[in-house]
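Here is how names work: the chains are called A, B, and so on, in the same order as the sequence lines, proteins then strands, and each is numbered from 1.
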Amino acid sequence: MTSLGRVTLLTADFFNRDPRRVARALLGKLLVRRTPHGILAGRIVETEAYLGKGDAAAHSAAGRTARNAVLFGPPGYAYVYFIYGSHYCLNVSCLPDGVAGGVLFRALEPVAGIEQMAEARGVAEKTDLRKISSLRKISSGPGRMAEALGVTRARDNGKNLVNARSDLRIVHDGYRVRRVTVTPRIGIVKSAEQPLRYFIAGNPFVSGRSL
DNA sequence: GAGGAGATCGTCT
DNA sequence: GACGATCTCCTCT
């Protein structure tokens, strides 16, 4: 069991604004999963903003469907989608009810429940968790962090991330981010040139092959 | 360490 | 029926 110390739950208002501001503000916050076996937590070190209007890369670009309905709903809710036949990705809805927009969580720095997350990823016995190169395999990438926290569409899509009773939520522990780097988003073709990817400068847990 | 290709299935056309 | 907000393995250096 692990304690996170004193933390503050984010509010719906935090997410009720432009996804670009939310993506930047989310850096340094903690994503927390409560399980029967203890707390899993990671610090958010990399995000991407997906805008509702004029963003061809966003899932909401073609209008509302059963799949992307959460993006059009109220702010602070989890949008989980399945990609490439094997991975889940976690987003949070932004902007008021009726307006599409969201932020994709791309990478976490493991903070609590590290062994349990490594086990969920299938890397617990193969690697030395004292090494940063091994810890990177846990949650440095959208599919990886979703698997580490046990995020699936069936379990978490539409879940309120700013409700104290939720088993998946986002909190602030007072951590301050020194410097943020902004680059184009990864893995997309449409609107690929827009600088909408944000990460903590110099943080070793940001996704990608090397720094 | 870097780069490339295959895996695999839900969602929308 | 095509494609994708990715990951891992394999090869080459």
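A donor-acceptor pair under 3.5 Å is formed between the side chain of R153(A) and the backbone N or O of V80(A). Using a distance-only test at 3.5 Å, with no hydrogens or angles considered, a donor-acceptor pair links the side chain of E48(A) to the main chain of I186(A). A donor-acceptor pair under 3.5 Å is absent between the side-chain atoms of R144(A) and the main chain of A107(A), judged by distance alone. Between the side chain of R106(A) and the main chain of S207(A), no donor-acceptor pair closer than 3.5 Å is present. At least one donor-acceptor pair closer than 3.5 Å links the side chain of N91(A) to the backbone N or O of Y79(A). One N or O on the side chain of N68(A) and one on the backbone of G63(A) form a donor-acceptor pair closer than 3.5 Å.
Rounded to a whole Å, the CZ atom of R136(A) is 13 Å from the C1' atom of dG1(B). Between the CD atom of E147(A) and the C1' atom of dT8(C) there is a distance of 12 Å, rounded to whole Å. Look at OH on Y81(A): it is 18 Å from P on dC9(B), rounded to the nearest Å.
Among the protein residues, R185(A) comes within range of no part of the nucleic acid, since none of its heavy atoms lies under 4.0 Å from any strand.
Here the side chain of T65(A) is nearest to one of dC7(C), dC12(B), dT6(C), namely dC12(B).
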Please list, for nucleotides 1-4 of chain C, all pairs of protein and nucleotide N/O atoms separated by less than 3.5 Å.
none

Quick test: give all pairs of protein nitrogen or oxygen and nucleotides 10-13 of chain C nitrogen or oxygen below 3.5 Å, distance rounded to 0.1 Å.
none

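Within the 4.0 Å cut-off from OP1 or OP2 of dC7(C), not a single side-chain nitrogen or oxygen of S86(A) is found. The side chain of R121(A) places an N or O atom within less than 4.0 Å of a non-bridging phosphate oxygen (OP1 or OP2) of dT8(C).
Two residues, V123(A) and V103(A), neighbour DNA chain C, and the one matched to the more 5' nucleotide by heavy-atom proximity is V103(A). Comparing R153(A) and H87(A) along DNA chain B, the residue whose closest nucleotide (by nearest heavy atom) sits nearer the 5' end is H87(A).
With D55(A) as reference, R185(A) is the one residue of R20(A), K190(A), R185(A) to meet the salt bridge (Lys or Arg N to Asp or Glu O under 4.0 Å) rule.
Salt bridge annotation for D18(A)-R21(A): absent, with no cationic side-chain nitrogen under 4.0 angstrom from a carboxylate oxygen. Classification of D173(A) and R6(A) as a salt-bridged pair fails, no side-chain N sitting under 4.0 Å from a carboxylate O.
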**Prompt:** How does DNA chain C look in dot-bracket form if you count Watson-Crick and G-U pairs under 3.5 Å, write [ ] for pairs that cross, and put | where a base pairs with another strand?
**Reply:** ||||.|||||||.
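Classified by interplanar angle (parallel below 30°, tilted 30° to 60°, perpendicular above 60°), the ring pair H59(A)/Y81(A) is perpendicular.
Under the 4.5 Å side-chain heavy-atom criterion for Ile, Leu, Val, Met, Phe, Trp and Tyr, F14(A) and V45(A) are members of the same hydrophobic cluster.
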